[in-house]
Amino acid sequence: MLSKEDNERLTRVGEGTPMGNVFRRYWLPALLSSELAEADGPPVRVRLLGEDLVAFLDTTGAIGLVDAYCAHRRAPLFLGRNEKCGLRCAYHGWKYDRSGKCVDLPTEPKESTYKDKIALTAYPTWEGGGLIWAYMGPSPAPPPPDYELVRAPATHRYATRTVQDCNYLQALEGGLDSSHATILHNMTIGDLTWLDDFERTTPRLDVRPTDYGFEYSGIRNLKDRYWVRVYQYIMPATQIRGRTVPVRHERRTPRVPLMNGHFWVPIDDVTVSVINFSYSADPKIPLDAEFAADAEDDYGRAPGEVLPDLRLKRNAENDYMIDRNVQKTQTFTGIKGINTQDVAVQEGMGKIVDRSKEHLGSTDRAIVMMRRLLLEACRTVEAGGVPKGADPSSYRAVRAVDQYAENEAAIPELMSRERTARY
C-alpha cells in the first residue's frame with residue numbers, strides 16, 4: 001500500500017504539483033492527428049494536466065497550442081475564427097499566432113504598440129505516429145518521441161482516443177497488471193476449475209528495471225508449452241504489449257500480428273485521456289483498416305460504442321450494460337468489450353483510489369515498481385534532474401513480446417530475440 005502522502009504526490013497533476021512537474025518533462029500525446037486535420041479549420045478544445053488550452057492548424061498547416069482564453073477579457077478562443085495564420089477571438093477580434101503572440105488588436109488605434117506586450121501561453125508541438133504531441137515543461141525540450149510506433153509507416157499503424165473518468169494512475173496500473181487478463185477477460189467460462197489452477201491462472205512475474213522504466217515478463221505454464229509475454233513500461237505512463245499468438249481458444253495466429261499499447265495522459269486529477277495504439281509487429285505486413293476495426297470492436301471501442309465526448313457508450317451511468325445472464329453462462333464479467341471491462345473496474349474504484357487501504361499480493365510487483373519509479377522521478381525533478389524515459393534514445397530499440405516457448409530452457413533466447421524493435 002501507499003501512504004496517504006505518497007498517494008497525493010502521485011495522483012495530483014496540476015501546475016506546481018510534484019507529479020504535474022514530472023509529466024511536464026515529457027512530450028505528451030495531446031490529440032490524434034485526425035482531430036486537427038484541416039488548415040484554417042475549427043479549433044479544438046484541449047485540457048492537459050488541469051490546464052485549459054485550444055489547438056488549431058493554421059493556414060500553413062502548422063499546429064498551435066495556446067491558452068484557451070483571450071488575454072483581453074478571457075473570452076473562449078474555441079469560439080474564435082481560425083484564419084490567415086492566426087486565431088481571432090470572436091468577442092473583440094484580438095488575434096494570436098501559433099506562438100501565442102498577439103498580432104492584431106482591431107479595438108486599438110493603428111499606431112498603438114499595445115499588441116507587442118500581449119501574448120498567450122503557448123506550448124511547442126510535434127507530430128508523429130498519427131499523434132500531436134505537446135511539451136509543457138521548461139526549456140530546452142527533450143528530443144521528440146522515438147517509439148517504434150512513430151517510425152512505423154501510416155500503412156502499418158492505427159490509433160484511437162478515449163476518455164476515462166478516473167485518475168490516470170489507476171488506469172495505468174490496470175495496464176501494467178498482467179495477472180488480471182485470464183480472469184477479468186475470460187470469455188469462455190465453462191468449467192471454472194481453472195480458478196484453482198495457480199500455474200495456469202497466474203503468470204510467473206519478473207520485473208527488470210531499465211533506463212526508461214522497466215520491462216516485465218509474465219510466463220504462464222500451459223502444460224504443453226509456455227506462454228511468454230514481455231510488457232514494456234516507458235515512463236511516465238506508457239505500456240506496450242504484444243498480440244502475436246492465438247489466445248482465448250483461437251486456432252490460428254492473428255492475420256496481422258500486433259504491438260499494442262496505451263498512453264495515459266492526465267486531463268486533470270480525475271480524468272484521463274487514453275491513446276490506444278496498434279502497429280503491425282511485422283514490417284512486411286500492413287495493418288489494414290478492416291483488421292484494425294475488428295480489433296477495436298473486440299476491445300469495445302468501435303465507432304458506435306464511443307460517444308462524441310470520447311467516453312464509452314457502456315459507462316458508469318448504465319452500469320456498463322452488464323448482462324448478468326451472460327456473466328453466469330458465458331463470460332466472467334458479463335460486460336462486452338475487453339477495454340470496457342478494464343474501464344468498468346478502473347472507474348468503479350472511485351475518482352482517485354485511496355491506496356492506503358490496499359492489500360497488495362505477489363502478482364503486484366510491477367505496480368509496486370512503477371510507483372517507486374514515479375516517486376523517484378518526483379524527487380529527481382525536484383532536485384533539478386532529468387527523469388527516466390525523457391531521453392527517447394533510452395527506449396527506441398525495444399518492443400513487447402508475445403510468443404510460445406516449447407520448453408523452459410528456450411525462454412531466455414526467445415525473449416532476447418523478440419524484444420528488439422524492427423522499425
Side-chain angles (χ1 to χ4, degrees), residues 129 146-153 156-160 172 174-182 184-185 187 202-208 210 212-222 225-234 237-264 274-288 291-292 294-296 298-299 301 338-339 342 363 366 370 395-406 408 410-423:
D146 200 9
Y147 299 93
E148 199 178 18
L149 167 71
V150 306
R151 301 194 301 272
H156 287 59
R157 55 176 160 77
Y158 187 82
T160 62
L172 169 61
L176 299 185
D177 170 24
S178 62
S179 65
H180 78 269
T182 52
L184 181 70
H185 303 315
M187 301 295 190
T202 308
R204 187 175 75 236
L205 293 175
D206 181 54
V207 183
R208 187 178 73 86
T210 66
Y212 52 82
F214 60 74
E215 67 174 24
Y216 61 110
S217 57
I219 300 173
R220 285 181 171 86
N221 185 345
L222 303 181
R225 56 185 172 175
Y226 292 85
W227 184 16
V228 181
R229 305 200 80 193
V230 177
Y231 292 66
Q232 299 291 348
Y233 166 57
I234 300 172
T238 303
Q239 175 245 52
I240 305 174
R241 66 190 186 280
R243 176 73 168 87
T244 62
V245 298
V247 295
R248 303 187 190 95
H249 300 283
E250 295 171 344
R251 297 181 181 275
R252 300 177 182 175
T253 57
R255 179 167 60 81
V256 182
L258 294 176
M259 291 291 119
N260 296 319
H262 307 278
F263 301 104
W264 289 276
V274 188
I275 305 291
N276 315 288
F277 64 84
S278 299
Y279 60 94
S280 174
D282 187 340
K284 297 178 182 178
I285 304 176
L287 173 53
D288 59 273
F291 190 88
D294 287 345
E296 287 297 288
D298 193 30
Y299 286 121
R301 299 191 300 256
I338 296 169
N339 189 224
D342 289 323
T363 60
M370 178 269 294
Y395 59 76
R396 75 176 315 275
V398 304
R399 61 160 41 187
V401 178
D402 179 42
Q403 294 290 339
Y404 290 126
E406 294 305 314
E408 191 167 6
I411 293 175
E413 192 278 331
L414 180 149
M415 289 171 59
S416 177
R417 180 184 70 246
E418 295 293 331
R419 65 158 65 97
T420 303
R422 298 181 186 175
Y423 292 93

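Side-chain atoms are counted along with the backbone in the values below, which use heavy atoms only and exclude waters and symmetry mates. The model shown is predicted, which means the values in this text are computed figures rather than measured ones.
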Next on the checklist: Is there a side-chain contact (heavy atoms from CB on, under 4.5 Å) between R157 and V150? Walk through the geometry before answering.
Outcome noted: CA-CA 9 Å; R157 55 176 160 77; V150 306; over 6 Å; no
Next on the checklist: Before you tell me yes or no, could you show the steps for R422 and D282 under salt bridge (Lys or Arg N to Asp or Glu O under 4.0 Å), namely the whole-Å CA-CA distance, both residues' side-chain angles and the distance that decides it to 0.1 Å?
Outcome noted: CA-CA 8 Å; R422 298 181 186 175; D282 187 340; 6.0 Å; no
Checklist entry - Yes or no on ring pair (Phe, Tyr, Trp, His ring centres under 6.0 Å) for Y216 and Y233, after CA distance, side-chain angles and deciding distance? => result CA-CA 8 Å; Y216 61 110; Y233 166 57; 8.3 Å; no
Next on the checklist: Would M259 and L149 count as a side-chain contact (heavy atoms from CB on, under 4.5 Å) here? Give the steps.
Outcome noted: CA-CA 9 Å; M259 291 291 119; L149 167 71; over 6 Å; no
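Considering Y158, Y299, F263 in turn, F263 is the only one that fulfils the ring pair (Phe, Tyr, Trp, His ring centres under 6.0 Å) rule with F277. Partner of D402 under the side chain to side chain contact (heavy atoms under 4.5 Å, CB included) criterion, out of V245, V228, V230: V245 alone.
If you look at Y279 and Y147, their ring centroids are not closer than 6.0 Å.
Between the side chain of R225 and the backbone N or O of Y404 there is no donor-acceptor pair closer than 3.5 Å. No donor-acceptor distance shorter than 3.5 angstrom exists from the side chain of R241 to the backbone of R229, with no hydrogens or angles considered. The backbone N or O of D146 sits less than 3.5 Å from a side-chain atom of Y395, completing a donor-acceptor pair.
Across A400 and I240, no two heavy atoms sit closer than the pair CB-O, 3.6 Å. Across all their heavy atoms, L205 and T363 have their closest contact at CD1-O, 3.2 Å. Between R151 and A421, the closest heavy-atom pair is NH2-CB, 3.8 Å. Residues P254 and R243 come closest through the heavy atom pair CG-NH1, 3.5 Å.
Counting heavy atoms from C-beta outward, S280 and Y423 have side chains that approach closer than 4.5 Å. E215 places none of its side-chain heavy atoms less than 4.5 Å from the side chain of V398. Proximity of V401 to R417: side-chain heavy atoms (C-beta onward) are nowhere separated by under 4.5 Å.
To the nearest 0.5 Å, the span separating CD on Q403 from CD1 on I411 amounts to 12.0 Å. From R255, atom CZ reaches atom CD1 of I285 across 9.5 Å, with rounding to the nearest 0.5 Å. How far CD1 of I219 is from OH of Y226: 9.0 Å, rounded to the nearest 0.5 Å. Rounded to the nearest 0.5 Å, atoms CE (M370) and CG (L176) are 5.5 Å apart. The CZ atom of R419 lies 7.5 Å from the CD atom of Q232; values are rounded to the nearest 0.5 Å. The distance from atom CD of E408 to atom CG of N221, rounded to the nearest 0.5 Å, is 8.0 Å.
In this view, S278 and L258, N260, L287 satisfy the side chain to side chain contact (heavy atoms under 4.5 Å, CB included) rule, not counting sequence neighbours. Residues passing the salt bridge (Lys or Arg N to Asp or Glu O under 4.0 Å) test with E148, sequence neighbours excluded: R399.
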